[in-house]
Amino acid sequence: MVGPRYPRSPSSEEPSSPGPRSSGATRRSALGLLLGAPLLSACAGVQQSLSQFSNPFSSSAPPAQPAGPPQQAATAGTGGVKVAVILPLSAAGNAGLAAQSMRNAAEMALAEFQNPNIQLLIKDDNGSPQGAQAGAQQAVDEGAEIILGPLFAQSVPAVAQVARTRGIPVMAFSTDSSIAGRGVYLLSFLPESDVNRIVEYSASVGKRSVAVLVPDNAYGNVVEAAVKAAVPRRGGRIVAFEKYGADRAAPARTVAQQLGSADVLFIADDGDAVVAVADAMTAAGANLRNIQLLGTGLWDNPRVYASSNLQGGLYAAPDPAGFRAFSGRYRTKYGAEPIRTATLAYDAVALVAALARTQGTTRFSSDVLTNPSGFAGIDGLFRFRADGTNERGLAVMKVTTGGGVAVAGSPKSFGA
């Protein structure tokens, strides 16, 4: 059922022998870590919307409702390498439900990894920075060598403060790239990867004149910086750029008047907002069938697929086959659907288990974690940058009435 999950070099067909390697060898060769099980095409799991987890501000703050009483600390596994897992298990509403799904996925990874030498120290942060800091302190006092979590952006600095005093890395699940930094790595889906992939693909098929519409909010600011860097890097130019707030009509009219000099129209928003922007462009006189539409992973949304104006649009996202396979196994084990972020917890645990098996005493060093060849998880390739952000190998998906259809697969390896 579950294939071997070992680091291996790009040329190797067989799993490498478990055990430490020199850091030089590690840097030169791809760990190529196969974290997930083989992609089971027979699984027809529900492809939930990426907008549930790709928006970097959807998990930036805990919910307004009061949290429940904190859950007791727990452990999973009996290995010698201790790994902290910090999640808002008792947080109110969807946050607590998401945390439980991620905990299930973490324990599922532990069960599916063959003879892992790790023990999970599971801590409930109660959805607060104070709870996260207390959980981190408890975990490092118990000997944790790495911390997975927390989920909320505002809790990450509190955990990092504890971890840095002990020289312990943090692998957080927040998608707010501003909190990444020395020893704090984000295992999440960042809009920068979406932008880079879709701009790269667009340029590769000869479309380099870009009109851009982004929301006037924090997410829009992140996308703005990414697109303004990515387009010229790929030899393109931005011919129109507008931000919109509650009033989409005026920015839409401005961009519509300049579409004649553009090859593509990039709209970075999700669900109802993307549909509303496309409708505003049509109302402003733009014929969206005459221009290639581009978007981010937030476009993976039923409202987008149902929109006549957005048909044929392209967006960057993980190949959904990985999540379908994972969700099938999750349903079998837990009798419920996983949330879309659950794969992050699975990959985090599988990664540390593999590193504990193969990398000896340097297993969680910055050199190992930032291996430029990266790792292969359920949602495809990913690698950590030295600044704590990440890069993902994403597919290019096309909007159809039946959902997203891949037009370009995920890369099999990273470039330089």
Side-chain angles (χ1 to χ4, degrees), residues 36 39-56 58 175 188-202 204-205 207 213-214 219 223 226-227 264-279 288-289 291-328 330 337-344 347 376-382 391-412:
L39 302 184
L40 308 178
S41 58
C43 290
V46 176
Q47 171 64 9
Q48 298 175 14
S49 170
L50 289 181
S51 65
Q52 294 179 16
F53 75 108
S54 293
N55 189 324
S58 60
T175 46
S188 50
F189 288 80
L190 305 179
E192 294 92 332
S193 282
D194 293 3
V195 172
N196 289 336
R197 175 60 167 138
I198 200 63
V199 169
E200 175 186 32
Y201 177 80
S202 176
S204 75
V205 295
K207 297 184 182 297
L213 273 165
V214 298
Y219 180 73
V223 172
V227 76
V264 297
L265 172 60
F266 182 90
I267 308 174
D269 219 327
D270 70 330
D272 292 343
V274 173
V275 173
V277 172
D279 290 347
L288 298 185
R289 289 177 174 79
I291 192 164
Q292 179 62 62
L293 299 174
L294 303 180
T296 67
L298 297 186
W299 279 33
D300 179 28
N301 187 296
R303 291 299 306 273
V304 173
Y305 302 137
S307 168
S308 59
N309 286 326
L310 295 172
Q311 294 302 303
L314 303 177
Y315 63 91
D319 188 315
F323 181 72
R324 284 198 298 266
F326 165 81
S327 62
Y330 185 102
E337 292 290 339
I339 65 154
R340 192 58 183 82
T341 50
T343 57
L344 303 179
D347 281 355
I378 286 174
D379 292 299
L381 290 176
F382 66 92
E391 179 181 357
R392 285 188 174 268
L394 302 173
V396 175
M397 309 294 291
K398 181 170 71 173
V399 174
T400 75
T401 54
V405 175
V407 297
S410 304
K412 303 304 181 187

message: Quick one, Leu314 and Val407 - any side-chain contact, counting heavy atoms below 4.5 Å?
response: yes
query: About how many Å separate CG of Leu294 and CZ of Arg197, when rounded to the nearest 0.5 Å?
result: 12.0 Å
Contact summary for Gln311 and Tyr305, nearest pair of heavy atoms: NE2-O, 2.7 Å
field: Stepwise side chain to side chain contact (heavy atoms under 4.5 Å, CB included) test for Ile198 and Trp299
entry: CA-CA 12 Å; Ile198 200 63; Trp299 279 33; over 6 Å; no
query: Taking all atoms of both residues into account, what is the closest heavy-atom pair of Pro318 and Leu394, and its distance?
result: N-CD2, 3.7 Å
- request: Please name the pair of heavy atoms, one in Asp194 and one in Gly297, separated by the smallest distance, quoted to 0.1 Å.
  value: OD2-N, 2.8 Å
Pairwise distance CG(Leu293) to NZ(Lys398) - rounded to 0.5 angstrom: 12.5 Å
task: With rounding to the nearest 0.5 Å, note down the distance linking CG in Leu344 to CZ in Phe382.
output: 9.0 Å
field: Side chains of Asn309 and Val275 in contact at under 4.5 Å (non-hydrogen atoms)
entry: no
query: Between Val277 and Leu213, what is the shortest heavy-atom contact and its length?
result: CG1-CD1, 3.8 Å
query: Just by modelled atom types, is the Pro338 backbone N or O under 3.5 Å from a matching donor or acceptor in the Ser327 side chain?
result: no
query: Quick one: are Tyr315 and Val399 in side-chain contact, heavy atoms under 4.5 Å?
result: yes
query: With a 4.5 Å limit on heavy-atom distance, are the side chains of Met397 and Asp300 in contact?
result: no
- request: Would you check if Glu200 and Val396 make a side-chain contact, meaning some heavy-atom pair closer than 4.5 Å?
  value: no
- prompt: Checking Gln292 side chain against Gly312 main chain: does a donor-acceptor pair fall under 3.5 Å?
  reply: yes
task: Quick one: closest heavy-atom pair of Ile339 and Phe323, and the distance?
output: O-CE1, 3.9 Å
message: Once rounded to the nearest 0.5 Å, what's the spacing between atom CD1 of Ile291 and atom NZ of Lys207?
response: 8.5 Å
Exam field: side chain Ser202 to backbone Val199, donor-acceptor pair closer than 3.5 Å: no
task: Mind running side chain to side chain contact (heavy atoms under 4.5 Å, CB included) on Tyr219 and Leu298 for me, showing each step along the way?
output: CA-CA 11 Å; Tyr219 180 73; Leu298 297 186; 3.3 Å; yes
- line: CG of Asp279 to OG of Ser308, rounded to nearest 0.5 Å, is 7.5 Å
- prompt: Is there a side-chain contact between Val195 and Phe266, using heavy atoms and a 4.5 Å cut-off?
  reply: yes
message: Within this structure, what is the CG-CZ distance for the pair Asp270 and Arg303, rounded to the nearest 0.5 Å?
response: 11.0 Å
message: Ignoring hydrogens, what is the shortest heavy-atom contact between Ser410 and Asp319? Give both atom names and the distance.
response: OG-CB, 3.9 Å
message: Just so I know, are the side chains of Pro191 and Val223 near enough to count as touching, which here means a heavy-atom distance under 4.5 Å?
response: yes
